[in-house]
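Note: hydrogens, waters and symmetry copies are ignored here, and every other heavy atom, side chains too, is used.
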Amino acid sequence: MFLFKKKYLLIYVLFVLAVSVSIIAYMNGASKLEEPIHQVVNLSANSLTLRELDKLDAFAELIVIGYATENFRDREHVVTTFDDGIMQSFHTNTTIKIEKILKKPDDYPSDQNELTTIEPVSLKGDVKYTANDYVALQKGDRSVLFMLRNSYGD
């Protein structure tokens, strides 16, 4: 009889433990999901589009294989406005972990393993602004990046 009660107690404890672990796992997983962005404003921008790889290679100053190190929401989002509050410009500073440098200018260090790039997308509150349907780099997704300094030297 005592063994019979012990068996039910053990089954009950295992059941409660399994339910508790499931709830904790669900809560941790749910809290780590990135909230969806409900409003996206796509703006037209003057841009240069190169469709041939050899032209893109010739035009780029720096070509690297790398990946973004942070989730989109966690990056530095910059939105500047004129004095009257009208948007002037927007971008996101994205830190890239460099896996390999394929092309570089002479003054670029060969051993650099990280850089900050400017993406034509940003967040202000719950609104995502993007230029020409640009899709932001995703954390951890390897990409080949063809880069050129902007007019400010960035």
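Using a 3.5 Å distance cut-off with no hydrogens or angles, the side chains of Thr69 and Thr95 do not pair a donor with an acceptor.
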Task: Check against salt bridge (charged side-chain N to carboxylate O under 4.0 Å, His left out), Lys103 and Glu61 - done: CA-CA 7 Å; Lys103 178 182 176 182; Glu61 295 175 339; over 6 Å; no
- [ ] Would you check, one step at a time, whether the test side-chain contact (heavy atoms from CB on, under 4.5 Å) holds for Ser110 with Ile101?
- [x] CA-CA 8 Å; Ser110 297; Ile101 298 173; 5.5 Å; no
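For the pair Asn132 (side chain) and Ala45 (backbone), a donor-acceptor distance under 3.5 Å is present. A donor-acceptor pair under 3.5 Å links the side-chain atoms of Gln138 to the main chain of Ala136, judged by distance alone. For the pair Glu119 (side chain) and Asn93 (backbone), a donor-acceptor distance under 3.5 Å is absent. A donor-acceptor pair under 3.5 Å is absent between the side-chain atoms of Thr81 and the main chain of Met87, judged by distance alone. Using a distance-only test at 3.5 Å, with no hydrogens or angles considered, a donor-acceptor pair links the side chain of Asp84 to the main chain of Ile86. Between the side chain of Thr92 and the main chain of Val121, a donor-acceptor pair closer than 3.5 Å is present.
Cluster annotation: Leu148 is connected to Leu56 through the hydrophobic network of ILVMFWY side chains, with a link wherever side-chain heavy atoms come within less than 4.5 Å. Following chains of ILVMFWY side-chain contacts shorter than 4.5 Å, one can reach Ile65 starting from Phe59, so the two form part of one hydrophobic cluster. In the hydrophobic clustering of ILVMFWY residues, with side-chain heavy atoms under 4.5 Å counting as a link, Phe72 and Val135 come out apart. Cluster membership for Leu145 and Tyr67, using ILVMFWY side-chain heavy atoms within less than 4.5 angstrom, is not shared. Follow the hydrophobic side-chain contacts under 4.5 Å out from Phe146 and you reach Leu50 in the same cluster.
Side-chain contact check for Val41 versus Lys128: every heavy-atom pair is 4.5 Å or farther apart. When side chains are defined from C-beta on, Arg75 counts as touching Glu70, because their heavy atoms get closer than 4.5 Å. Counting only heavy atoms from C-beta outward, the side chains of Met147 and Leu115 approach each other to under 4.5 Å. Inter-residue side-chain proximity for Ile96 and Thr116 is flagged as unmet; no heavy-atom pair is nearer than 4.5 Å. Side-chain contact between Ile63 and Val144 is present, with at least one heavy-atom pair separated by less than 4.5 Å. Side-chain contact between Leu123 and Val79 is absent, with no heavy-atom pair separated by less than 4.5 Å. Contact check for Val127 versus Tyr129: side-chain heavy atoms found under the 4.5 Å cut-off.
When every heavy atom of Glu114 is checked against every heavy atom of Gln112, the shortest pair comes out as O-NE2, 2.6 Å. Across all their heavy atoms, Asn42 and Ala131 have their closest contact at OD1-C, 3.8 Å.
For the atom pair Lys104 NZ and Asp106 CG, the distance stands at 6.5 Å (nearest 0.5 Å).
At most 12 heavy atoms of other shown residues, nucleotides or ligands fall within 6.0 angstrom of atom CG in Asp83.
With ring centers used as reference points, Phe90 lies 6.0 Å or more from His77.
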